[in-house]
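One structure below.
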Amino acid sequence: MHDTPDTTPAAAPRGCPAAPAPPPAPPLFTWEFAADPYPAYAWLREHAPVHKTALPSGVEAWLVTRYGDARQALADARLSKNPLHHAEGARGKSKTGIPGERSANLMTHLLNIDPPDHTRLRRLVSKAFTPRRVAAFAPRVQELTDGLIDGFAARGEVDLIHEFAFPLPIYAICDLLGVPREDQDDFRDWAGMMIRHGGGPRGGVARSVKKIRTYLAELIHRKRADLGDDLISGLIRASDHGEHLTEDEAAAMCFVLLFAGFETTVNLIGNSLHTLLRRPDQRELLQKSLAAGDTGLLTTGIEELLRYDGAVELATWRYATEPVEIGGRTIPAGDPVLVVLAAADRDPARFTGPDTLDLARRDNPHLGYGHGIHYCLGAPLARLEGQTALATLLTRLPDIRLAADPDDLRWRGGLIMRGLRTLPVAFTPEAAEGARSTTEPTRP
């Protein structure tokens, strides 16, 4: 951590013993912290719940860690999503948001704007990205899931991130957007560079973002001349019925749907499987429920897995447009605010036994997909993919187990998302007659 919060206890009245000093602040944003940030977040919740710190990028931001404060911040209109409200100069602004989106002219999307523009764009996207469309997509998600498992089921071992959790949401969102199958491997390569964060070549993320921007502009242009039943065509139709969606807005919206629609789901699947593999009692309960044809535990379970070790560690950037008081601290105008979802979702003031995984938990208003007007539009699709992935994998490969020391697993760098680099597992190979045939096992 780059600073020390002011937790000096107040002077005790004369004749009274001094209050004990709090334990020292744990370091933030180290590799050890990435492996298990929850003890540090517990310290912040208790001793410095609204805390200003220097991030690894050098940008200073306020971390909000208690559940009640987090809900307030996520719904507070004084905390803008627009980076123009950041008090720092252009150099500071370039260190927030999605790398490369500014230079690629992809800033006009739901994660970066406020009402009334946010209201207009969300209404347009909602017309195309309907619950009915997501529900109708369920058979394709199942087909993709089975096809990917077919590719490794007979081997007895696999890296679940590389061959399952990563390609499933990429191919799913490409299909939903209407990206032709012959172009989807390019998207897989570009997306792979984006989630590597600091692990790829210098400037690789920005170059991938630029390639996606160029491709999306060309695809939108082609779709206008030949509309289909895909999400991009739906966006075009929505904008052609009395509302205005510029080509830049359409490209930015498709980009953020791609970005938000795949990395969060990669992490949801990967983190959930990692958690279940380390909690055999809960995993066994889920497998028994699935074997009995009961999906109730799967439904509550995916919400609990989102709460317990979710895909998004910190909500995306917000900026105070005026002095804002949160948790007894006044945040000056222009300062960035980061709501720590992972800390809020383990707040004992809101959740009973917050550090215990309980797949049957009912009272579970977690913040894994946000809160307020910026609640994740793609949450139904992510839930569908997560439930399908877990149910199919645990049913087809019932004795799946970690094939590495848990302490040797590494988590990806980056500030907002939380996800594993690899998740090696072993299992009894599936008999040939039990596998489903596919002509393209790596791209169902």
Side-chain angles (χ1 to χ4, degrees), residues 36-39 41-42 45 66-68 70-71 131 134-135 138 141-142 145 160 164-165 168-169 264-313 340-371 375-376 378-402 406 418-420 423 425 427:
D36 183 10
Y38 297 103
Y41 288 150
R45 276 196 311 267
R66 287 180 179 168
Y67 183 88
R71 275 181 63 95
V134 172
V141 172
Q142 185 66 64
T145 301
L160 280 176
F164 186 65
L168 174 58
T264 54
T265 310
V266 173
N267 295 345
L268 168 60
I269 296 171
N271 295 4
S272 296
L273 289 168
H274 173 253
T275 297
L276 290 173
L277 292 175
R278 300 193 67 185
R279 300 292 186 278
D281 57 329
Q282 292 291 294
R283 170 246 186 102
E284 184 179 358
L285 285 175
L286 180 55
Q287 286 179 305
K288 287 181 177 178
S289 172
L290 293 170
D294 180 5
T295 59
L297 194 61
L298 179 65
T299 301
T300 58
I302 204 73
E303 303 306 314
E304 174 70 346
L305 290 162
L306 279 161
R307 182 200 69 82
Y308 184 81
D309 196 15
V312 183
E313 191 165 343
V340 187
L341 306 178
D345 280 343
R346 291 210 188 185
D347 189 343
R350 180 57 190 86
F351 298 97
T352 302
D355 295 318
T356 299
L357 180 74
D358 178 9
L359 296 183
R361 188 186 297 266
R362 295 282 181 179
D363 181 21
N364 193 3
H366 66 79
L367 301 176
Y369 287 122
H371 171 66
Y375 184 83
C376 178
L381 177 62
R383 287 185 169 103
L384 169 64
E385 293 178 28
Q387 291 178 7
T388 304
L390 292 181
T392 309
L393 198 74
L394 293 176
T395 299
R396 289 185 59 178
L397 308 176
D399 68 343
I400 191 169
R401 57 199 178 274
L402 274 175
R418 173 166 174 77
L420 285 160
L423 184 58
V425 297
F427 48 87

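A389 and L168 make their closest contact through CB-CD2, 3.9 Å (heavy atoms, listed as atom of the first residue, atom of the second, distance). Summarising the geometry of L402 relative to P406, their closest heavy-atom pair is CD1-CG, 4.0 Å, with the distance given to 0.1 Å. T395 and A391 get closest at one heavy-atom pair: OG1-O, 2.7 Å. For the residue pair P169 and V266, the shortest heavy atom distance occurs at CG-CG2, 3.7 Å. Heavy-atom minimum distance, A344 versus A70: CB-CB, 3.7 Å.
When side chains are defined from C-beta on, L390 counts as touching L305, because their heavy atoms get closer than 4.5 Å. With contacts defined as side-chain heavy-atom distances shorter than 4.5 Å, the pair Y67/R71 qualifies. Between R361 and F351 the shortest side-chain heavy-atom distance falls below 4.5 Å. Annotation: side chain of I400 is not in contact with side chain of L273 (no heavy-atom distance under 4.5 Å). Using a 4.5 Å heavy-atom threshold, the side chains of L306 and E303 count as touching. Side chains of L393 and T145 form no contact here, defined as non-hydrogen atoms less than 4.5 Å apart. When side chains are defined from C-beta on, P280 does not count as touching R401, because their heavy atoms never get closer than 4.5 Å. Residues L359 and L298 fail the side-chain proximity criterion, which asks for heavy atoms closer than 4.5 Å.
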### Query
Is there a side chain to side chain contact (heavy atoms under 4.5 Å, CB included) between V312 and R418 once you walk through the steps?
CA-CA 6 Å; V312 183; R418 173 166 174 77; over 6 Å; no
### Task
List the steps and the verdict of side chain to side chain contact (heavy atoms under 4.5 Å, CB included) for L394 and L276.
CA-CA 10 Å; L394 293 176; L276 290 173; 4.0 Å; yes
### Task
Might you work through the side chain to side chain contact (heavy atoms under 4.5 Å, CB included) test for L420 and H274, ending with a clear yes or no?
CA-CA 9 Å; L420 285 160; H274 173 253; 3.7 Å; yes
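For the pair R346 and Y38, the distance from NZ or CZ to the six-membered ring centre is under 6.0 Å and the angle to the ring normal is within 45 degrees.
Judged by distance alone, the side chain of R66 and the main-chain N or O of R45 form a donor-acceptor pair under 3.5 Å. Side chain of D345 to backbone of L367: a donor-acceptor contact under 3.5 angstrom is found. For the pair T352 (side chain) and P348 (backbone), a donor-acceptor distance under 3.5 Å is absent. Proximity of a side-chain donor or acceptor of R307 to a complementary backbone N or O of I302 within less than 3.5 Å is not detected. Between the side chain of N271 and the backbone N or O of G310, at least one donor-acceptor pair lies under 3.5 Å.
To the nearest 0.5 Å, atoms OG1 (T300) and CG (D363) are separated by 12.5 Å. Note that CG of D358 and CD of Q282 are 6.0 Å apart. Values are rounded to the nearest 0.5 Å. Separating the OG1 atom in T264 from the CD1 atom in I269 is a distance of 9.5 Å, to the nearest 0.5 Å. Separating the CZ atom in R350 from the CG atom in N364 is a distance of 8.5 Å, to the nearest 0.5 Å. Interatomic distance, L286 CG to E304 CD, rounded to the nearest 0.5 Å: 12.5 Å. Here the straight-line distance linking atom OG1 of T392 with atom CD of Q142 works out to 4.0 Å at 0.5 Å rounding.
Looking at residues two or more places apart in sequence or on another chain, you find a side-chain hydrogen bond (donor to acceptor under 3.5 Å, both in side chains) between Q287 and R283.
In this structure, a donor-acceptor pair under 3.5 Å is present between the side chains of Y308 and R279.
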